[in-house]
Amino acid sequence: MIGLHRHTPAIARISDEAFLREWMALADACPHGTCYQQPPFVLAWYRCYAEVFEPVVIEERDDDGTLSGLFCLARDRRTGDIIGAGRDQAEYHAWLARPAQSCAFFERALDLLAHTWPDGHIQFLFAAPGLALELSPRWRSRVVHRPIPRPLMSTGPEAPLAESMKKSANRSRLNRLKKLGLVSFERLTTVDALSAALDEIIPFYECRQGAIHAALPFHLDPHKRAFLLALMAEPGLLHTTVLRVNGRVIAAHIGPCNGRQVVLGIIAHSPFYSKYSAGKLLIRFLGLKLQEEGFSHLDLTPGGEYKDRFASDHDEASVLDVWFQHKGVRAYKLQRALIDAGKRFVSTDRLKEQVAYARHKAGLIRPAEAPRKFLNLARLAAHGAPSVDVYRREAASVSTTGIERIFARDSLWDLTTYEPSELWQPPVPAFLRMAMERLERGEHVYTCVRDGRLACVGWLIEQADTMLIPELQQTVSYPAGSSLIYDGYTDPRYRRLGLYSALIRQAAADTAAEPATRAIYMSVLAHNPVSRHAVERAGFTLERTIAAAGSPLSSALATVAHAAGLAMPILTARSNPSGAGAKSGTPPAADAAGGHHPAAGASPGTSRATLPLAFRSTNAGRPRDVEQGSAYPLVEQRAHDGESPESRPRDPRQGHEEEPIGAAAHPPAH
């Protein structure tokens, strides 16, 4: 006898004490069941997401009344989609049944679902390892089952985890980290401990996820934090560990215990400790902890090339798609055939990137502003080839006390509030990639958030010696002890409030307080009087003017193209892991009314053009442990108090769940 239960009665039924005992007995008898199909996880998810997903439970009983099959699903209240309980919070999806009845129960459950929602479709990403699918022809034609490797890291007694930590590279990273203070690695066991740690973990997890996957999990999912805490309240379900320096979390992992395995879940690390490879050390420490606690493996989960560096062996999971009608699977197979054919001529990833870029730009077009934009571009073109004014202020002349500090310094959470509002601005993922790369190089960001939105932002580089300005085909050199304030931007909604001036004062005071700082530089396109005056009011004096070395016409056209948000240049950049002389791509000058030249700093109202600038710092901040992949500059604009927007390119680079430091992801070109 098989039945389908929905809504609140479904939860009430499966929450009954007698039913829970039957459920656990069935889970123990099912060879492919995981922790994601057991009561603690399923019930916590149903309750936390009750307003978003409608519970759908299918149960089957033998003639004697024994529970023989259980399929926990949900229906999205907004879209009507049928999903496995847990959705993307569950790494593996499956149904529970005894081995001899598994496929037959699955087919009967599908019959029931197809009768209730004839046009439905279910996708399991991923189906549980070991899931056997020996279906009858009636359903086999409506199921697509695609195997995918699952990497595993052995943590059993025989695993050489301690020997791995003794390798020179790992010893060196740990010893350098210990020079900063007390290094500790601990497992959290209480809800309060996890709640406190999440305040530190979420910001750098959000930034990294936004940069890699174009998603902000905790921003988009207001139930995610409460769900994690609900799982933590279940004894032995969640395995949470943190790596700290002087009590501050620098890396963390949160994943469920699945029998004798721990599943890689949320893994995050701070960009401020990039050069110490905090993410790599975290996984090494986690392996040792699991070995100590008697776990057999760390399940690294499918997807993510960096995981192969830690994997000791592999088995197989799968992607499972089921269509309730044949027309759905026919459409899918046709789509796959077209994609496979197209791959011979063009990269589908590249095409997706270009489409996403075009949609991003189209979403920012405001027809009412077109005349003013056209006049700005015409005025910009009339100036011809750009030239840059380099400004300097002696650090000794900067007051380091009594500064109104309305900007946060190095706030990752503030960066996640960025929303593009102008045509030249990059999408959120590109902005976060750029930000993470800069922070990992040791740069500092100043942010001011108003009404939950990033209102003003600017950057500071300490101890920089040269910068290449591509649109001028010139390299700016700075004497020892120089700092750069650059790349400031004020959202149009918050101009004329003095935010940019406050940013300059605060950043200048901070860097002037450093004993090694002798001079502070900013730069502005020479044709932008508003920006020049703002920098001069901040106490900076003109040191030199640099003219473009290339064709005046080509330089002017490049500047206009970037100001219009049309250019999508591609630059291959690599970071120098040695520390000194590490390159740091940043954008060139700004345009007629919004921005500042990164080379010598920022001023309110200049435009950017051509490719990003390349920095060389004498201390290079926090160099990456491996070379980066491609970097893709983006058209960007800087605008400040009282100015109209202008444009310039950016230097975003790459930033599964969180990748450890050193694992390069490949961002899209924009």
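Contact of the Ile2 side chain with the Asp111 side chain is not registered, since no non-hydrogen atoms from C-beta on lie closer than 4.5 Å. Pro271 places a side-chain heavy atom less than 4.5 Å from the side chain of Leu412. The shortest side-chain heavy-atom distance between Tyr92 and Thr301 falls under the 4.5 Å cut-off. Side-chain atoms of Val262 and His253, non-hydrogen and from C-beta on, do get closer than 4.5 Å to each other. Here the side chains of Val42 and Trp23 are in contact, with some heavy-atom distance below 4.5 Å. Residues Tyr276 and Val245 are not in side-chain contact: their nearest non-hydrogen atoms beyond the backbone lie 4.5 Å or more apart. Looking only at side-chain heavy atoms (C-beta outward), Phe126 and Val319 come within less than 4.5 Å of each other. The side-chain heavy atoms of His269 and Arg208, taken from C-beta on, include a pair separated by under 4.5 Å.
With sequence neighbours excluded, the residues that form a salt bridge (charged side-chain N to carboxylate O under 4.0 Å, His left out) with Asp321 are Arg146. With sequence neighbours left out, the side chain to side chain contact (heavy atoms under 4.5 Å, CB included) criterion links Asp119 to Gln325, Lys327. Shown here are the ring-ring contact (aromatic ring centres under 6.0 Å, His included) partners of Phe185, two or more places apart in sequence or in another chain: Phe285. Here Arg61 pairs with Glu22, Glu59 under the salt bridge (charged side-chain N to carboxylate O under 4.0 Å, His left out) rule; sequence neighbours left out. Taking His5 as the reference, nothing meets the ring-ring contact (aromatic ring centres under 6.0 Å, His included) condition, with sequence neighbours excluded. For Arg77, the salt bridge (charged side-chain N to carboxylate O under 4.0 Å, His left out) test picks out no residue, with sequence neighbours left out. Among residues two or more places apart in sequence or in another chain, the salt bridge (charged side-chain N to carboxylate O under 4.0 Å, His left out) test is passed with Glu234 by none. For Arg142, the side chain to side chain contact (heavy atoms under 4.5 Å, CB included) partners two or more places apart in sequence, or in a different chain, are Arg138, Trp139, His326. For His93, the side chain to side chain contact (heavy atoms under 4.5 Å, CB included) test picks out Ala90, Phe124, with sequence neighbours left out. When the side chain to side chain contact (heavy atoms under 4.5 Å, CB included) test is applied to Glu158, the partners found at least two apart in sequence or on another chain are Ser154.
The minimum heavy-atom distance linking Glu200 with Val249 is given by the pair OE1-N, 3.1 Å. Summarising the geometry of Arg244 relative to Val242, their closest heavy-atom pair is NE-CG2, 3.6 Å, with the distance given to 0.1 Å. Among all heavy-atom pairs drawn from Phe41 and Gln89, the shortest one is CZ-O, 3.6 Å. Shown here for Ala10 and Pro55, the closest heavy-atom pair between the two residues is CB-CB, 4.2 Å. Across all their heavy atoms, Pro40 and Leu231 have their closest contact at O-CD2, 4.4 Å. Of all the heavy atoms in Asp308 and Pro151, the pair that sits closest is OD1-CB, 4.3 Å.
The structure places OG of Ser318 at 7.0 Å from CG of Leu133, a figure rounded to the nearest 0.5 Å. Atom NZ of Lys289 sits about 7.5 Å away from atom CZ of Arg187, to the nearest 0.5 Å. A distance of 8.5 Å separates CD1 in Ile83 from CG in Leu73, rounded to the nearest 0.5 Å. Put simply, NZ on Lys307 and CG on Leu264 are 5.5 Å apart, with the number rounded to the nearest 0.5 Å. Distance check, rounded to the nearest 0.5 Å: CG of Leu70 to CD1 of Ile58 gives 9.5 Å. Here the straight-line distance linking atom CE of Met232 with atom CG of Leu229 works out to 9.0 Å at 0.5 Å rounding.
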In a table with atom names and distances, give each donor-acceptor pair under 3.5 Å that connects a side chain of residues 94-107 to protein atoms at least two apart or in another chain.
unit_1: Trp95; atom_1: NE1; unit_2: Ser102; atom_2: O; d: 3.3
unit_1: Trp95; atom_1: NE1; unit_2: Ser102; atom_2: OG; d: 3.0
unit_1: Arg98; atom_1: NH1; unit_2: Leu67; atom_2: O; d: 3.0
unit_1: Gln101; atom_1: NE2; unit_2: Asp62; atom_2: OD1; d: 3.4
unit_1: Glu107; atom_1: OE1; unit_2: Ser136; atom_2: OG; d: 2.7
unit_1: Glu107; atom_1: OE2; unit_2: Ser136; atom_2: N; d: 2.6
unit_1: Glu107; atom_1: OE2; unit_2: Ser136; atom_2: OG; d: 3.1

Can you give the donor-acceptor pairs under 3.5 Å from side chains of residues 188-198 to other protein atoms, not counting sequence neighbours?
unit_1: Thr190; atom_1: OG1; unit_2: Ala193; atom_2: N; d: 3.1
unit_1: Ser195; atom_1: OG; unit_2: Arg225; atom_2: NH2; d: 3.2

Applying side-chain contact (heavy atoms from CB on, under 4.5 Å), run through Val322 and Leu113 and close with a yes or a no. CA-CA 11 Å; Val322 182; Leu113 291 169; over 6 Å; no

Given side chain to side chain donor-acceptor pair (under 3.5 Å), test Arg47 with Ser15 step by step and report yes or no. CA-CA 11 Å; Arg47 288 164 181 156; Ser15 299; 3.3 Å; yes

Between Leu281 and Tyr273, does the side-chain contact (heavy atoms from CB on, under 4.5 Å) criterion hold? Intermediate values first, please. CA-CA 11 Å; Leu281 288 176; Tyr273 293 84; over 6 Å; no

Go through Leu228 and Ile266 one step at a time and tell me if the side-chain contact (heavy atoms from CB on, under 4.5 Å) criterion holds. CA-CA 10 Å; Leu228 288 174; Ile266 290 176; 3.8 Å; yes

side-chain contact (heavy atoms from CB on, under 4.5 Å) between Trp45 and Cys72, worked out: CA-CA 11 Å; Trp45 187 81; Cys72 292; over 6 Å; no

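When atom types are taken as modelled, the side chain of Trp323 and the backbone of Val144 share no donor-acceptor pair closer than 3.5 angstrom. Checked by atom type and distance alone, the side chain of Glu206 never pairs as donor or acceptor with a backbone atom of Pro203 at under 3.5 Å. Looking at Thr241, its side chain never comes within 3.5 Å of a backbone N or O of Glu186 through a donor-acceptor pair. A distance-only check finds no donor-acceptor pair linking the side chain of Arg150 to the backbone of Pro302 [under 3.5 Å]. A donor-acceptor distance shorter than 3.5 angstrom exists from the side chain of Gln291 to the backbone of Ala159, with no hydrogens or angles considered.
Ring centers of Trp413 and His219: under 6.0 Å apart, within the cut-off.
Between Glu54 and Arg6, at least one side-chain nitrogen of the basic residue sits less than 4.0 Å from a carboxylate oxygen of the acidic one, meeting the salt-bridge criterion.
Using the six-membered ring where Trp is involved, Tyr49 and Phe53 have ring planes that are tilted, between 30° and 60° apart.
Heavy-atom neighbours of Asp63 CG from other residues, nucleotides or ligands within 6.0 Å: at or below the threshold of 12.
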